[in-house]
Amino acid sequence: MSKYHVEQDISLCIGCLACEAACKDKNSVPEGAFYCKMIEVGPKMMRNIPVINHVYMACFHCEQPWCVDACPTGAMQKRSKDGIVFVDADLCVGCKACMKACPWGVPQWNSATGKVGKCDLCMDRIDQGLQPACVTKCTTGSIKFMSPQAASEKRRRDFAEEMLKRG
Amino acid sequence: MANSVYSICGMCAVRCPIRVEVEDGKVVWIEGNPNDAGMGTSLCAKGIAGRALLYDNERLQHPMIRDGERGSGKWRKVSWDEAYEYITSKLQDIMKEHGGKAIMLSDRGGPFADIRKAFMKALGSPNYTNHDCTCGRNTHHASKSVYGLGRTGLGYDFKNAKHIVLFGRNIVESFKVKEVKSFMQGVKNGAKVTYIDPRAALTASKATRYWQIRPGTDYALLLAIVNVTLKEGLYDKEFVNKYVQGLSDLSNFVKEYTPEWAEKETGIPAEEIVTFCREVSADKPSVIFHPGWHLSRYNDSFYASRMIHIMNVLMGNVEVPGGQFLPKTPKDAGTKGLKSLGANIPKVEDKRADGCGWKYKRFDGGPGLLQLQYEAIDTGEPYPIKAYFVVRHDPLLAMPDPEEQKRILNKLDLIVVVDVNYSETFGFADVVLPESTYLERDTMMRTDKGLKPGFSMRRKAIEPIYDTKAGWEIWTDLANRLGKGEYFPYKSIEDIWNFQLQDTGLKIEDFDEKGFVQVASKPIWKDRDKLEFPTSSGKIEFVSKRLEDEDIPSFMPYTSPQKPAKGEFRLLFGRKGYQTHGQTTNNPIISELMGTNCLWLNTKAAAELGIKDGQEVEVSSNGTTGKIKVKLTDFIHPEAAFMLHGYGRSIPFQTRAYKKGLADQAFMKGLLKVWDKAGGSVSLCESFIKVTPA
């Protein structure tokens with residue numbers, strides 16, 4: 001069962017890319033690949049402000065992952081105890097079926113090894129009771145690690161408080 | 001099992017507190033020092049890329065002496081002994097003929113500069129200089145002229161502010177981790193933010209009001225803001241009456257600068273200016289006008305910064321939550337400060353070659369002004385300068401017009417570069433001394449000013465990987481070899497730390513637990529009814545004695561900036577949140593985040609020249625040309641062009657950065673001599689480039 005979720009408060013994100021750098025540093029992500037990526041959109045004029053958003057895109061760790069279904073060798077797996085979707089590089093043959101299957105472009109190509117890599121929520125850290133590198137180092141606290149239930153609770157709360165602020 | 005080392009980051013000049021994990025002699029993890037509540041485990045991309053720097057082989061690895069003409073790129077690997085011998089024999093000749101004052105040094109200032117100042121003092125030279133003429137000198141001198149306090153003599157409580165006003169202070173991209181956290185908390189708490197910039201940097205996206213101002217007209221806007229604030233009585237009368245000297249002079253001066261006048265200069269509608277003034281006044285004193293960080297921009301940036309300071313005073317925001325606070329020193333908490341390493345070295349009687357502190361009393365002698373040091377090298381006046389230590393500073397990147405700089409630098413008998421990275425200036429050095437990275441070197445103790453003052457320490461996490469040394473070893477070695485060992489009696493970093501701590505009552509072990517020691521248990525606020533300011537009058541001076549004594553007007557009449565000719569643009573520059581100016585361009589991680597730069601142009605202005613988005617254009621300025629791709633956007637003023645700083649590198653050892661993009665400073669022709677006569681900073685935005693389709 002998928003136990004984890006990375007929740008982003010886009011309004012707090014300053015596009016500093018600490019998350020991308022932290023992921024690259026921690027996971028030795030190969031050149032050109034980004035296990036997590038801030039997608040910059042905008043600027044778009046909204047209420048006279050040129051709004052630029054940075055949207056955190058890593059892996060959603062689906063309950064029924066397309067990538068796992070597509071993988072012919074069993075390299076792409078879902079960890080039964082917490083639902084983390086990860087690649088066992090030893091089993092990966094570089095067929096890229098997972099890359100085609102994933103609707104969000106999550107699996108990343110490693111041109112040095114000819115295999116796929118992806119976000120595993122830094123599961124070695126999680127197993128030590130720690131949080132993913134991107135979340136741990138986020139400059140402003142824009143991304144947070146929590147359960148999916150806590151994430152929806154947080155969204156409701158943020159919305160309610162925003163309504164109060166707007167009066 | 002990983003071992004934790006509490007230390008201080010060295011990836012940029014902010015120097016955040018960090019926790020470093022070491023396993024089997026390798027640095028395996030760096031995060032913010034969680035003992036510091038304002039920091040937590042946060043770390044920016046630059047700080048995170050520290051490990052990439054440490055294990056990169058594209059950094060300086062051993063001493064080198066050039067093996068050809070200056071700038072030829074030919075080098076000879078040498079031992080530390082040989083490098084030291086080369087330097088000391090040249091220095092001894094220079095000192096014999098011209099005295100110690102013929103030696104200069106520049107670095108990037110900061111809390112660890114004390115040892116380099118002591119080194120210069122030991123050599124008998126007054127010519128310690130830093131980078132600040134291309135950074136905060138205008139702001140610093142403006143602050144001095146108003147409050148008698150330097151740039152770091154005021155802090156900002158963004159978290160509790162109700163309105164934050166930023167004149168080009170791109171606070172979310174050119175950021176400090178703790179500051180931007182506080183700023184974003186302020187925004188989250190509902191603070192209004194007014195951002196003023198010819199280019200919509202990311203900070204514009206976090207604002208509640210964005211003004212795309214005509215480049216170079218900040219001062220005009222400020223004059224109108226002060227005009228409305230005084231005319232409508234929107235200021236804190238009680239605070240101003242109590243603490244300010246010169247209000248009526250200010251009032252007379254700004255009378256002619258109406259919002260309607262400013263609209264013509266700036267392009268910002270008059271009624272919006274008036275609305276803004278009323279809005280900020282309603283939120284006073286929890287209002288912050290940021291006086292600028294890197295304000296080496298225009299010929300009137302000093303006066304713009306002065307007006308910003310004046311607006312803060314008019315809002316009565318001094319030493320109040322949500323406004324400005326006075327950072328406290330350990331002395332304010334009843335603890336004696338660190339002892340300076342130069343304390344026992346005789347005072348240098350010679351005057352500075354750049355004239356700061358004597359010819360120009362309005363400019364602080366401390367770090368002086370590098371562009372005037374260049375003038376001294378060039379002219380030999382007031383006396384010859386023959387040797388230059390360039391210490392983790394990169395003038396050929398940071399200062400304008402590298403070709404002109406090289407002409408001047410070529411007059412020196414000795415150029416020594418001390419750095420971690422291959423800098424652009426490295427390419428023009430005679431001798432290179434490689435410094436260990438901040439993860440491999442101990443550094444002297446620093447003082448942390450703030451509401452809760454204290455001290456902190458940088459400790460090495462691992463031994464140097466290559467044949468490099470810590471700065472303290474280099475300066476101690478050189479002082480000893482130059483016969484000044486009595487002033488540098490240090491055999492270990494502990495000797496230095498103990499010397500510094502001797503009056504504080506603290507011991508080295510006190511830093512083990514957290515990496516820092518705070519000497520105040522709770523925030524210290526001064527009694528706002530009994531504030532004193534270190535000006536000659538003890539008051540906040542709108543009419544500044546410091547300036548008037550040198551016939552520099554306290555209030556400078558406005559001059560409209562030059563408009564670019566057709567096909568030309570005013571060249572602006574800046575950076576992203578993951579860049580340390582140019583120092584990180586070649587970093588393995590950072591270079592992947594941004595591999596090259598492009599030229600921002602206004603969509604309509606470019607269309608008139610037949611330039612299309614994404615195409616390559618030729619950029620030229622007084623004979624310097626280059627090709628670059630353009631990015632067209634409505635979010636830059638039609639008179640301006642913009643590029644990220646730090647690209648167009650010339651050192652082939654840096655394979656990731658070499659020849660990628662263009663170097664903005666190369667197009668700033670002649671700007672080495674264009675500087676703010678009242679504030680001292682070089683005016684880096686006073687050049688124009690011609691852009692044609694390639």
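So you know, we letter chains A, B, ... as the sequences are listed, proteins then strands, and number each from 1.
- The greatest number of non-hydrogen atom pairs below 4.5 Å with chain A, out of B/Phe635, B/Phe183, B/Trp29, is found for B/Trp29.
- Across every non-hydrogen atom of A/Thr139 and B/Leu43, the tightest pair is OG1-O, 3.9 Å.
- When side chains are defined from C-beta on, B/Trp211 does not count as touching A/Asn48, because their heavy atoms never get closer than 4.5 Å.
- In this structure, chain A has no heavy atom under 4.5 Å from any part of B/Thr203.
- With a 4.5 angstrom heavy-atom cutoff, B/Ala204 touches chain A via backbone and side-chain atoms both.
- Counting heavy-atom pairs closer than 4.5 Å to chain A, the top-ranked of the candidates B/Lys181, B/Gln185, B/Lys576 is B/Lys181.
- In this structure, B/Glu31 and A/Thr136 approach most closely via the heavy-atom pair OE1-CG2, 3.5 Å.
- B/Phe175 touches chain A through its side chain: at least one heavy atom from C-beta onward sits under 4.5 Å away, while N, CA, C and O do not.
- Annotation for A/Ala18 and B/Ile48: closest pair O-CD1, 3.3 Å, computed over non-hydrogen atoms.
- In terms of heavy-atom proximity, B/Ser205 sits nearest to A/Ile49 at O-CG2, 3.9 Å.
- Minimum heavy-atom separation, A/Thr140 to B/Met184: CG2-CG, 3.9 Å.
- Your options are B/Leu593, B/Asp634, B/Val177, and the one with the most heavy-atom pairs under 4.5 Å with chain A is B/Leu593.
- Of the atoms belonging to A/Glu20, it is side-chain heavy atoms, and not backbone ones, that fall under 4.5 Å from chain B.
- Proximity to chain A involves both the backbone and the side chain of B/Tyr210, based on heavy atoms less than 4.5 angstrom apart.
- Interface check for chain B: of the options A/Pro43, A/Ala22, A/Cys138, the most heavy-atom pairs under 4.5 Å are formed by A/Pro43.
- Looking at every heavy atom in both residues, B/Glu592 comes nearest to A/Glu31 through OE2-CA, 3.5 Å.
- When heavy atoms are compared at a cutoff of 4.5 Å, B/Lys188 approaches chain A by way of both its backbone and its side chain.
- Residues B/Leu202 and A/Ile14 form no side-chain contact, since every pair of their non-hydrogen atoms from C-beta on lies 4.5 Å or further apart.
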